[in-house]
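Report on one structure; see the data block that follows.
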Amino acid sequence: MDASAALADLLRPLTTLYLDLHRHPELSGEEARTAGQFADWLAAAGYATGRGIGGHGVAGVLRSGDGPTVLLRAELDALPVRETTGLPYASQGTAAHACGHDLHLAAAAGAASLLARSPDTWRGTLVVVGQPAEETLEGARAMLADGLYERVGRPDAVLAQHAAPLPAGMVAHGYGPMTAGSVTYRVVVHGRGGHAGAPQLTVDPVVTAAHVVTRLQTVVAREAAPSEQVAVTVGAFHAGDRANIVPERAELDITVRAAGDAALARAAAAVERIVRAECAASGCPREPEVVRVCESPVTHPDPATTGAVREAHVREFGAERVAMWPPSLATEDFALFGDAGRALHGAQGIRLAYWMLGVIGPGAWAAAPGRAAAQKLAALPANHAPDFAPDARTALPAGVRALTAAALTCLGRPGDAL
């Protein structure tokens, strides 16, 4: 059976898997059902499958002679978003696959099955990983700390793709940073509570925290070079319960993102400095609590591997369907599977390839306002939006093909010199 016929044979069960995953999303750290389904699929395809790695992580291993070890990564978790797509298979709860992780899993399952059915076309070791807790930037670190590479072997290359609001059947590669590095803070500003009618007897943490929010805007405006991509966002601000009470504390959740390691370090240091300085200026009775909740490195794909995978995609889809992708301030923990995570796994020289996968169906793309691609992209629902809706009929087979072609490019071929 040739590759196109084999994919056609798989599409019905793959679509069933995708629809089920979409209907039953699970949040970061809670992916037991999702992990079980993915592990069962890999085991049925002939992979030696490990479960419960770094939480609900899954890893399937298939060997076909001597050759390189190639790891394919997909994510298990969903987002705390209430879906508004109106699709008949939409999630009915307060979680949703609004980032495309269900599509990533189904595509990885399809690629795993195709490669397992054609062991005569490649040589080496194929590892297929279902990673938990990507959305909280905890899962890759947890899997590696739990000995992922000791269990499956050190990979020579790690591959991943991510859904994007491009036309389905397209892929996009970048040669600089693909995703930003980030630091997320939880900050507590301590004040002295009291009566709103006697403010002189209080230290108002709301005013202090408001000054922090305002001053943080200068980090990008005055402490980052215009050529640097940096963003500082206060995503949550909680303080008080009543209008006539000055509260004891105010809490902020802050995220710093940058497309370069040096810029990220400077911006993160500035955030910490500003928080402490504003608290000192207000005479707060205690030092603020400044906790780094999570952080992720910049994702730098290997140029040579990216070039090889890109050429494979040109052969698979045609040059007109392979685009370039600019650096983004979206964040990922994928880079930890490579050299950025060497403190966790002790390895160096692990090559990464990472590309964007179009998921917008032809009807939705045509109906989006504007003529230029940028106008349409601005109008279409983006990742993390409650109405983000990949077109599974066109995006899923393209995702399987893209991942399979990339894996075959990085694996050995029969007859390769050892």
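Throughout, residue positions are numbered sequentially from 1 according to the sequence presented. Any value given below was found using the heavy atoms of this structure, including those in side chains, with hydrogens, waters and symmetry copies removed.
A donor-acceptor pair under 3.5 Å is absent between the side-chain atoms of Gln229 and the main chain of Ser227, judged by distance alone. Side chain of Arg12 to backbone of Ala8: no donor-acceptor contact under 3.5 angstrom is found. Of the possible donor and acceptor atoms, none in the side chain of Ser118 sits under 3.5 Å from a partner among the backbone N and O of Asp120. With hydrogens and angles ignored, the 3.5 Å screen pairs a side-chain donor or acceptor of Ser91 with a backbone N or O of Ala95. Under a 3.5 Å cut-off, the side chain of Glu75 and the backbone N or O of Gly130 do not form any donor-acceptor pair. The main-chain N or O of Val234 is never found under 3.5 Å from a side-chain atom of Asp253 such that the two would form a donor-acceptor pair. Gln375 contributes a side-chain N or O that, together with a main-chain N or O of Ala372, makes up a donor-acceptor pair within less than 3.5 Å. Between the side chain of Thr85 and the backbone N or O of Leu87 there is at least one donor-acceptor pair closer than 3.5 Å. Not a single donor-acceptor pair under 3.5 Å links the side chain of Thr208 to the backbone N or O of Val206. Panel note: side chain Lys376, backbone Trp365; a donor-acceptor pair is recorded below 3.5 Å.
Ring planes of His313 and Trp355: perpendicular class, angle over 60° (limits at 30 and 60°). Ring geometry for Tyr89 against Tyr18 counts as perpendicular: the plane angle is over 60°, on a 0 to 90° scale with 30° as the lower cut. Between His345 and Tyr149, the ring planes lie tilted relative to each other; the angle falls in the 30° to 60° range.
Residues Ala163 and Met356 come closest through the heavy atom pair O-CE, 4.1 Å. The two residues Ala364 and Leu380 make their nearest non-hydrogen contact at O-CD2, 3.9 Å. Counting all heavy atoms, side chain and backbone alike, Leu144 lies closest to Leu336 at CD1-O, 3.3 Å. When every heavy atom of Ile350 is checked against every heavy atom of Pro155, the shortest pair comes out as CG1-O, 3.5 Å. Summarising the geometry of Ala96 relative to Ala78, their closest heavy-atom pair is O-CB, 3.3 Å, with the distance given to 0.1 Å. When every heavy atom of Ala382 is checked against every heavy atom of Pro165, the shortest pair comes out as CA-CG, 4.5 Å.
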Anything under 3.5 Å between a donor and an acceptor, one on a side chain of residues 385-400, the other on a protein residue two or more places apart or in another chain? List them.
from: Asp391; atom 1: OD1; to: Arg393; atom 2: NH2; distance (Å): 3.3
from: Asp391; atom 1: OD2; to: Thr394; atom 2: N; distance (Å): 3.2
from: Asp391; atom 1: OD2; to: Thr394; atom 2: OG1; distance (Å): 2.5
from: Thr394; atom 1: OG1; to: Asp391; atom 2: O; distance (Å): 3.3

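Note that OG1 of Thr179 is 9.5 Å distant from CZ of Arg257, once rounded to the nearest 0.5 Å. In this structure, Asp102 CG and Asp20 CG are separated by 10.5 Å, a value rounded to the nearest 0.5 Å. Separating the OH atom in Tyr185 from the CG atom in Leu216 is a distance of 10.5 Å, to the nearest 0.5 Å. One finds the CG atom of Leu79 at 7.0 Å from the OG atom of Ser28 (value rounded to the nearest 0.5 Å). The CD atom of Glu228 lies 4.0 Å from the CZ atom of Arg266; values are rounded to the nearest 0.5 Å. Summarising the geometry, atom NE2 belonging to His190 is positioned 13.5 Å from atom OG belonging to Ser282; distances are rounded to the nearest 0.5 Å.
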Requested in this report: Please report the C-alpha distance between His162 and His101 in whole Å, then the side-chain angles of each, then the deciding distance to 0.1 Å, and finally whether the side-chain contact (heavy atoms from CB on, under 4.5 Å) criterion is met.
Outcome: CA-CA 8 Å; His162 203 292; His101 291 183; 4.1 Å; yes

Query raised in the report: Checking side-chain contact (heavy atoms from CB on, under 4.5 Å) for the pair Leu62/Leu115: CA distance, chi angles, key distance, verdict?
Result: CA-CA 9 Å; Leu62 187 67; Leu115 291 163; 5.7 Å; no

Requested in this report: Run the numbers on Arg273 and Glu223 for side-chain contact (heavy atoms from CB on, under 4.5 Å), then give the verdict.
Outcome: CA-CA 12 Å; Arg273 185 190 75 237; Glu223 298 197 41; 2.6 Å; yes

Query raised in the report: How far apart are the C-alpha atoms of Gln131 and Asp77, what are their side-chain angles, what is the distance that settles it, and do they pass the side-chain hydrogen bond (donor to acceptor under 3.5 Å, both in side chains) test?
Result: CA-CA 8 Å; Gln131 179 202 313; Asp77 55 336; over 6 Å; no

Report task. Go through the steps for Glu83 and His97 under the test side-chain contact (heavy atoms from CB on, under 4.5 Å), then give the verdict. Result -> CA-CA 8 Å; Glu83 185 171 348; His97 274 295; over 6 Å; no

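With contacts defined as side-chain heavy-atom distances shorter than 4.5 Å, the pair Leu76/Leu105 qualifies. In this structure, Val232 and Gln217 have side chains that are not in contact, with every pair of non-hydrogen atoms separated by 4.5 Å or more. Asp146 is listed as a side-chain neighbour of Arg151, based on a closest heavy-atom distance under 4.5 Å. Within the 4.5 Å cutoff, the side chain of Val58 has heavy atoms near those of the Leu42 side chain. For the pair Thr125/Val127, a side-chain contact is recorded, criterion being any heavy-atom separation below 4.5 Å from C-beta on. Using a 4.5 Å cut-off on side-chain heavy atoms (C-beta onward), Glu289 and Val187 make no contact. Contact annotation: the side chain of Leu126 never approaches that of Val61 to less than 4.5 Å [non-hydrogen atoms, C-beta and beyond]. Counting heavy atoms from C-beta outward, Arg123 and Pro414 have side chains that approach closer than 4.5 Å.
Electrostatic pairing of Arg141 and Glu138 does not count as a salt bridge here, judged by no charged N lying under 4.0 Å from a carboxylate O. Of the charged side-chain nitrogens involved, at least one lies within less than 4.0 Å of a carboxylate oxygen, so that Glu251 and Arg249 count as a salt-bridged pair. Using a cut-off of 4.0 Å between Lys/Arg side-chain N and Asp/Glu carboxylate O, Glu134 and Arg73 are scored as not salt-bridged. Arg117 and Asp9 are joined by a salt bridge, as a carboxylate oxygen and a charged side-chain nitrogen come within less than 4.0 angstrom of each other. Note on Arg51 versus Asp40: salt bridge recorded, some NZ/NE/NH1/NH2 to OD/OE distance being below 4.0 Å. Salt bridge absent: Glu316 and Arg321 never bring a charged side-chain N and a carboxylate O closer than 4.0 Å. A salt bridge links Glu272 to Arg292: one of the charged nitrogens lies within less than 4.0 Å of a carboxylate oxygen.
The neighbour count for Arg276 CZ, taken as heavy atoms of other residues, nucleotides or ligands under 6.0 Å away, is above 12. The number of heavy-atom neighbours closer than 6.0 Å to CZ of Arg33, taken from other residues, nucleotides and ligands shown, is above 12.
Neither side chain, Glu278 nor His211, offers a donor N or O lying under 3.5 Å from an acceptor on the other. A donor-acceptor contact closer than 3.5 angstrom links the side chains of Glu26 and Thr34. Side-chain contact annotation: Glu30 with His56, donor-acceptor N/O pair under 3.5 Å absent.
In this structure, His173 has its ring center no closer than 6.0 Å to that of Trp325.
Scanning for salt bridge (Lys or Arg N to Asp or Glu O under 4.0 Å) contacts around Asp156 gives Arg154, with sequence neighbours left out.
The side-chain hydrogen bond (donor to acceptor under 3.5 Å, both in side chains) test with Arg351 is passed by exactly one of Asp339, Thr305, Asp302, Thr306: Thr305.
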